[in-house]
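Atoms within each ligand, like the ligands themselves, are counted from 1 in listed order.
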Amino acid sequence: IKVEELVNESFDRISSVDGEVKSFLTLNEEQAHLQAKALDEKPWDESRGLLAGMPIGVKDNIVTKGLRTTCASKILENFDPIYNATVVNKLAQAEAITIGKLNMDEFAMGSSNENSAFGGTRNPWNTDYVPGGSSGGSAASVAAGEVLFSLGSDTGGSIRQPASFCGVVGLKPTYGRVSRFGLVAFASSLDQIGPITRNVEDNALLLEAISGLDASDSTSANVEVPSFIKALTGDVKGLRIAVPKEYLGEGVGEAARASVMAALKLLESLGATWEEVTLPHSKYALATYYLLASSEASANLARFDGIRYGHRSDNAENLVDLYKQSRSEGFGDEVKRRIMLGTYALSSGYYDAYYKKAQQARTLIKEDFEKVFENYDVIIGPTTPTPAFKVGEKSSDPLTMYANDILTIPVNLAGVPAISVPCGFHEGLPLGLQIIGKHFDESTIYRVAHAYE
Ligand code: GLN
């Protein structure tokens with residue numbers, strides 16, 4: 001098969017379904033065809049890249065040189081970056097073909113894609129439902145067959161939750177595994193870029209292509225990148241699984257609980273064992289996350305001032321007014337809510353009560369995981385309490401929306417890696433199984449996910 005044909009197939013599929021699904025914000029048609037042509041002219045030998053010719057979509061908070069990058073925000077509506085994110089350079093090295101930029105919640109804040117300034121993505125399984133967020137376009141584009149692979153970003157669940165809602169495989173790598181250089185920062189101590197794919201094998205391949213130390217990101221880790229594909233042995237004999245009781249307790253729906261129990265049974269039949277454990281501080285995770293993530297966001301988003309890039313108001317009379325007007329016109333409601341919350345939490349007089357307390361709680365949450373991992377290889381639970389919800393169902397109540405992330409957020413606070421793999425359906429909508437691993441032990445996660453898949 002020719003790369004040109006693969007690329008054509010991608011764009012054909014986009015023309016036929018994207019009017020409804022709305023995964024894409026910008027297409028890279030001309031460049032993609034040029035790249036395909038060049039690849040078809042090259043000999044098909046060992047010199048080819050790890051992902052040669054594979055059509056991929058990139059979340060629109062990852063900067064792409066000369067290709068519009070909006071973060072699904074009006075404030076960056078016409079922003080053409082002058083450099084590539086490290087992961088985008090790595091994709092180019094691997095000879096993957098960027099098909100376009102994917103819809104998301106504005107600045108990655110949200111769980112449903114309804115916060116996109118350009119209209120939300122819909123769930124390909126049933127377009128009355130949300131695809132999840134904030135990497136909703138990344139998950140929906142893979143589920144709808146528009147691309148083979150995509151990149152998302154996960155600060156509190158934004159890869160795993162939409163992967164779960166759309167029935168695809170999504171992994172949040174260990175913090176530091178993948179360079180954040182060129183990822184528009186939301187909460188820098190939590191953000192990670194990761195792969196979304198149709199199956200575990202593809203996921204392992206894509207993670208390998210984007211991982212590694214990067215001099216441009218001081219938080220990227222100097223840890224060897226193994227061949228994740230080699231971990232896919234199918235063997236889970238003797239594997240010790242921990243199941244936190246908090247992950248099957250109050251607020252978790254019967255369908256999610258039942259699907260996890262079925263998955264555990266299957267893994268048991270393959271020779272793994274499981275026991276119930278506790279992550280006692282996970283009840284503080286949601287509050288901790290929304291304080292820390294909003295605090296970091298309020299600082300990170302200060303750069304959008306109407307001067308350096310993005311939307312500039314026409315109505316301002318002086319400089320301070322220009323900042324105010326540009327930001328008021330450019331940011332959506334949820335982004336403003338986070339900036340206000342974060343600015344408040346960081347203000348002098350409140351810092352000790354909120355930000356510092358939240359940092360202390362974060363340490364306790366991280367220690368919960370460390371304790372469990374002294375005796376177990378992986379932690380398993382549902383990715384989300386329920387399958388996808390209806391468009392509009394939670395959008396008027398931020399707190400109900402935030403509660404949807406309760407099972408994914410502790411992982412970001414601890415910095416550990418976790419995957420969501422499809423594990424059945426409930427009333428026609430996919431459910432996800434979450435497998436959490438030790439720091440830099442994505443290999444074990446993939447081994448378990450592959451054996452289960
Ligand atoms: N839904 C969470 C939030 O709104 C997580 C977002 C993310 O992981 N980027 O902050």
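- In terms of modelled atom types and a separation under 3.5 Å, the side chain of S179 and the main chain of F181 share a donor-acceptor contact.
- Here the options are N61, T70, T69, the test is side-chain hydrogen bond (donor to acceptor under 3.5 Å, both in side chains), and the partner is K101; only T69 passes.
- What sits closest to atom 10 (O) of ligand 1 on the protein, heavy atoms only, is Y289 OH, 2.6 Å.
- In this structure a side-chain-to-backbone donor-acceptor pair under 3.5 Å is missing from Q434 to I380.
- Heavy-atom contacts of A108 reach the following atoms of ligand 1: 6 (C), 7 (C), 9 (N) (cutoff under 4.0 Å).
- The protein heavy atom nearest to atom 7 (C) of ligand 1 is S158 OG, 2.4 Å.
- Distances below 4.0 Å separate heavy atoms of F186 from the following atoms of ligand 1: 9 (N), 10 (O).
- Closest approach of D191 and L183 over heavy atoms only: CB-CD2, 3.8 Å.
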Original post:
Hey, mind stepping through N412 and D154 against side-chain hydrogen bond (donor to acceptor under 3.5 Å, both in side chains) and telling me if it holds?
Top reply: CA-CA 8 Å; N412 300 77; D154 192 314; 3.0 Å; yes

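- No side-chain donor-acceptor contact under 3.5 Å links S347 to the backbone of Y350.
- Only the side chain of S134 comes within 4.0 Å of ligand 1, judged by heavy-atom distances.
- Below 4.0 Å from some heavy atom of G157 lie the following atoms of ligand 1, by number and element: 8 (O).
- At distances below 3.5 Å, at least one donor-acceptor pair connects side-chain atoms of S298 with backbone N or O atoms of S295.
- Those atoms of ligand 1 with a heavy atom of G156 less than 4.0 angstrom away are 5 (C), 7 (C), 8 (O).
- Residue M109 has at least one heavy-atom neighbour below 4.0 Å for each of these atoms of ligand 1: 4 (O).
- When non-hydrogen atoms are compared, ligand 1 lies under 4.0 Å from neither the backbone nor the side chain of Q192.
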**OP:** Test side-chain hydrogen bond (donor to acceptor under 3.5 Å, both in side chains) on T174 and E442 and set out the steps.
**Re:** CA-CA 8 Å; T174 309; E442 287 86 354; 2.7 Å; yes

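- In this structure, M401 has no heavy atom closer than 4.0 Å to ligand 1.
- In terms of polar-atom proximity, S111 is counted as a contact of ligand 1, with an N or O under 3.5 Å from an N or O of the ligand.
- Considering only non-hydrogen protein atoms, atom 2 (C) of ligand 1 sits nearest to D405 OD2, 3.1 Å.
- Only the side chain of Y290 comes within 4.0 Å of ligand 1, judged by heavy-atom distances.
- Two residues are said to be in side-chain contact when any heavy atoms from C-beta on lie closer than 4.5 Å; R180 and T219 meet this criterion.
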